[in-house]
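Both counts, for ligands and for their atoms, begin at 1 and track the order of listing. Every value quoted in this text rests on a predicted model; they were computed, and no experiment measured them.
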Amino acid sequence: MQTNGEQNQFLSEGTKRVKGREAQRINILIGKAVANAIKSTLGPKGMDKMIVDELGDVTISNDGATILKEMAIDHPIGKMLVNLAKNQDSEVGDGTTTAVVIAGSLLEEAESLLDNGIHPSNIINGYRIASEKAIEFYDDVAIKINPDKKEDLHNIALTSLTGKASESCEKLADLVVSAMMEIAEKTDKKTIIDIDNIKIEKKEGSTLENSELVKGIVLDKERVSTNMPTLINNAKIALLDVALEIKGPETDTKVQINSPQQLQAFIDQEESMIKEKVDIIKKSGANVVFCQKGIDDLAQHFLAKADIIAVRRVKKSDLEKLAKATGANIVSRLKDLKAADLGQAKLVEEKKIAGEAMIFVRDCKNPKAVTILLRGGTEQVINEAERAVNDAVGAVASAIRSGKVVVGGGACETAVAIQLREYAKEVGGREQLAIEGFANALEVIPRTLAETAGMNPLDAIVALRNKHKKEGPNFGVDVMNGKISDMKIEKVIEPLQLKIQAISSASEVTQMILRIDDVIAGSSRGKGPMSQGMDGLGGMD
Ligand code: ADP
Ligand code: MG
């Protein structure tokens, strides 16, 4: 490994520098290692990972983005792949493993092209052309769906959920599709989906099968006082992000009290200040208060006397959802609270779920707001179910938006790879080799799926290519039955946008990594993540 040679004389002592092919080799190695770490989780037969953090908290997951996030990856190249997963998660909500695994595979193909003496700029150029073409080819094999047809949406949800929520996929897919139907807004031409209108709330206990869809917002909270009503019809809702308590002085202050009268006056004054605050709420006409901060005993007392339901320490994100659902404005200066700031719901009630109180805000002003209330035996089960439902919500929303799906199980990747190889011949030259490499890289999806199903990956690829040539583009790896099947008949479908996003961003990240031919890790930061990565890899020479 060439580190501190003559070339580094202008750098401060201790700085590490790796150049040229060596730098590329190391970066590719790290990229591949990160992708390999999550490869075995792909698809319904993928395995789960258990990650224990410094505090001993355990995460068991099959979700690429979650695993990479929990792994606390330090190396900048590793971080690029973590961001790739994060982006996929925020853009589509599903397909994170796919994106990272394809990036790893593109790097692997690039490595053998480099070994064969192809210049990085030819590879980068070839990958860029291939990525654009691949997106066209995905679109060619895509199938139109009818966003009003529950069955198609159910299959998309199911494809996304299988392998993540064990036996309860059907149930959860039902919930996701029903939730989506509630929040979908139809205009003349399009269906508009705002997935922020779906809240996911978790309550340990019972089983996933008993999860339910609530039309409205559910909060894992209780009334601040049992003297408050448990149920209010025609709720007028105030959302506050100010505390309903007497603020202590900023600095240490002593109040000197010399007589019982003075003490009484002091208490009276505090009382009247709190009472004033509650009076403002009463005057506005509110009968329900959701407060982001605290509500002290005295305030609780006055609110209860006024028959107001109050809930404290509501998460900011929940307050925002409530604002959207009920039409309320979040008020941060109590004095400003007016009737016009209040939101509406037909019913606000506290109900016991598994022996613990939860607040239900039903039939809101904006009926589009819904909550999926997840139940499950343990924290881990319920957390993984939440991630799975989030993926499915993203996938179904994406399919509704674009109205197009592709056939999964590696079918679409195989079809696109075949078309890319044909196209590569037309391009010729060195780029041809890079485009062929890109095609091979896409086949990592069926190859990995075959592996997870215990099939021989090489045989599976050969069989798949044959089936595609003779019988059409819908054949993929049927992991449930360990054979090659028509995956459209098996109803394994995914949103087209998921693939487009995964391919284009995986290809971008790979090109960016291949463009680096000089890595300089400064010593000023001591053992920075770079120098650690280099040390570690230097030892592998
Ligand atoms: P990602 O994070 O990329 O969404 P998943 O673990 O959800 O990863 O796996 C998605 C892959 O699994 C897709 O390629 C999809 O086509 C495939 N898949 C899903 N269900 C099946 C099935 N029943 N048979 C074969 N492949 C499936
Ligand atoms: Mg998925």
Side-chain angles (χ1 to χ4, degrees), residues 35 37-49 61-69 81 84-105 138 141 154-165 169-170 172-173 176 384-385 387-396 398-399 405-417 442-455 460 464 474-503 505-506:
I38 58 165
K39 205 165 154 188
S40 68
T41 68
L42 188 77
K45 292 272 168 180
M47 305 302 274
D48 293 353
K49 303 256 168 212
S61 183
N62 184 285
D63 183 62
T66 307
I67 297 167
L68 290 178
K69 198 176 85 215
L81 293 190
L84 170 65
K86 273 193 199 150
N87 267 345
Q88 179 80 19
D89 209 25
S90 56
E91 291 290 322
V92 184
D94 193 10
T96 53
T97 315
T98 301
V100 176
V101 167
I102 289 179
S105 192
Y138 271 108
V141 292
H154 185 87
N155 291 334
I156 296 162
L158 210 53
T159 302
S160 173
L161 285 161
T162 18
K164 297 216 166 100
C169 300
E170 286 282 347
L172 295 183
V176 168
E384 181 69 349
R387 289 188 283 268
V389 166
N390 266 324
D391 282 9
V393 165
V396 175
S398 166
V405 294
V406 288
V407 181
C412 57
E413 282 83 10
T414 311
V416 172
L442 287 184
E443 282 177 338
V444 72
I445 301 297
R447 224 182 304 136
T448 309
L449 289 171
E451 267 170 44
T452 63
M455 296 158 73
L464 265 179
N474 295 334
F475 283 85
V477 181
D478 179 359
V479 295
M480 296 307 190
N481 303 306
K483 59 184 177 110
I484 305 296
S485 305
D486 184 323
M487 299 311 282
K488 195 178 170 204
I489 296 177
E490 296 297 320
K491 301 184 178 133
V492 175
I493 50 174
E494 298 174 275
L496 168 66
Q497 194 54 36
L498 180 158
K499 302 291 183 184
I500 290 182
Q501 176 71 32
I503 296 296
S505 49

Inset, instruction - Would you kindly specify which portion of V492 sits under 4.0 Å from ligand 1, judged on non-hydrogen atoms: side chain, backbone, both or neither? - result: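 The side chain, only.
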Could you identify the single nearest non-hydrogen protein atom to [atom] and state the distance to 0.1 Å?
atom                   : value
atom 4 (O) of ligand 1 : D94 OD1, 2.8 Å
atom 7 (O) of ligand 1 : K164 NZ, 3.3 Å
atom 6 (O) of ligand 1 : G43 N, 2.9 Å

Legend entry - Polar proximity ligand 1 side, T98 side, N/O cut 3.5 Å exclusive: yes
Legend entry - Polar atom proximity, D63 to ligand 1 (N or O, under 3.5 Å):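 No, no N or O pair falls under 3.5 Å.
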Looking at [X], which atoms of ligand 1 are within less than 4.0 Å of one of its heavy atoms?
X    : answer
I445 : 14 (O)
V477 : 24 (N), 25 (C), 26 (N)
T41  : 6 (O)
N62  : 6 (O)
T97  : 1 (P), 2 (O), 3 (O), 8 (O)
E494 : 13 (C), 14 (O), 15 (C), 16 (O)
G409 : 15 (C), 16 (O), 25 (C), 26 (N)
L42  : 6 (O), 8 (O), 9 (O)

Legend entry - Metal environment of the Mg ion (ligand 2), protein N/O/S under 2.8 Å: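 Protein N, O or S atoms closer than 2.8 Å to the Mg ion (ligand 2): D94 OD1.
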Legend entry - Heavy atom of G95, distance to ligand 1 below 4.0 Å: yes
Legend entry - Sole residue of K491, E490, M487 in side chain to side chain contact (heavy atoms under 4.5 Å, CB included) with V407: M487
Inset, instruction - Check the side chains of D94 and S160 for a donor-acceptor pair under 3.5 angstrom, ignoring hydrogens and angles. - result: yes
Inset, instruction - Scan side-chain atoms only and decide if Q497 and S398 contain a donor-acceptor pair under the 3.5 Å cut-off. - result: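 No, no side-chain donor-acceptor pair sits under 3.5 Å.
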Inset, instruction - Evaluate whether atom NZ of K488 has more than 12 neighbouring non-hydrogen atoms of other residues, nucleotides or ligands under 6.0 angstrom away. - result: no
Legend entry - Nearest candidate to atom 18 (N) of ligand 1, where distance is taken over non-hydrogen atoms, out of C412, G408, P44: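 The residue whose heavy atom sits nearest atom 18 (N) of ligand 1 is P44.
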Inset, instruction - Tell me which one of M487, M480, E490 gets a heavy atom nearest to atom 24 (N) of ligand 1. - result: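 Considering heavy atoms of M487, M480, E490, the nearest to atom 24 (N) of ligand 1 sits in M487.
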Legend entry - Flag side-chain contact, heavy atom, 4.5 Å: T452 against M47: no
Inset, instruction - Find out whether E413 and E443 are in side-chain contact, i.e. whether some heavy atom of one side chain is under 4.5 Å from a heavy atom of the other. - result: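 No; the side chains remain at least 4.5 Å from each other.
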Nearest atoms (heavy-atom pairs only) where [X] meets [Y]:
X    : Y    : answer
R387 : S61  : NE-OG, 3.3 Å
A392 : A157 : CB-O, 4.1 Å
V492 : G409 : CG1-N, 3.9 Å
S485 : D478 : OG-OD2, 2.9 Å
M480 : P44  : CE-CB, 3.5 Å
M455 : V477 : SD-CG1, 3.8 Å

Legend entry - Euclidean distance, Q501 CD relative to T98 OG1, rounded to 0.5 Å: 12.0 Å
Legend entry - Spacing of CD1 belonging to I102 relative to CG belonging to L442, to within rounding of 0.5 Å: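 Reported value, rounded in 0.5 Å steps: 5.5 Å.
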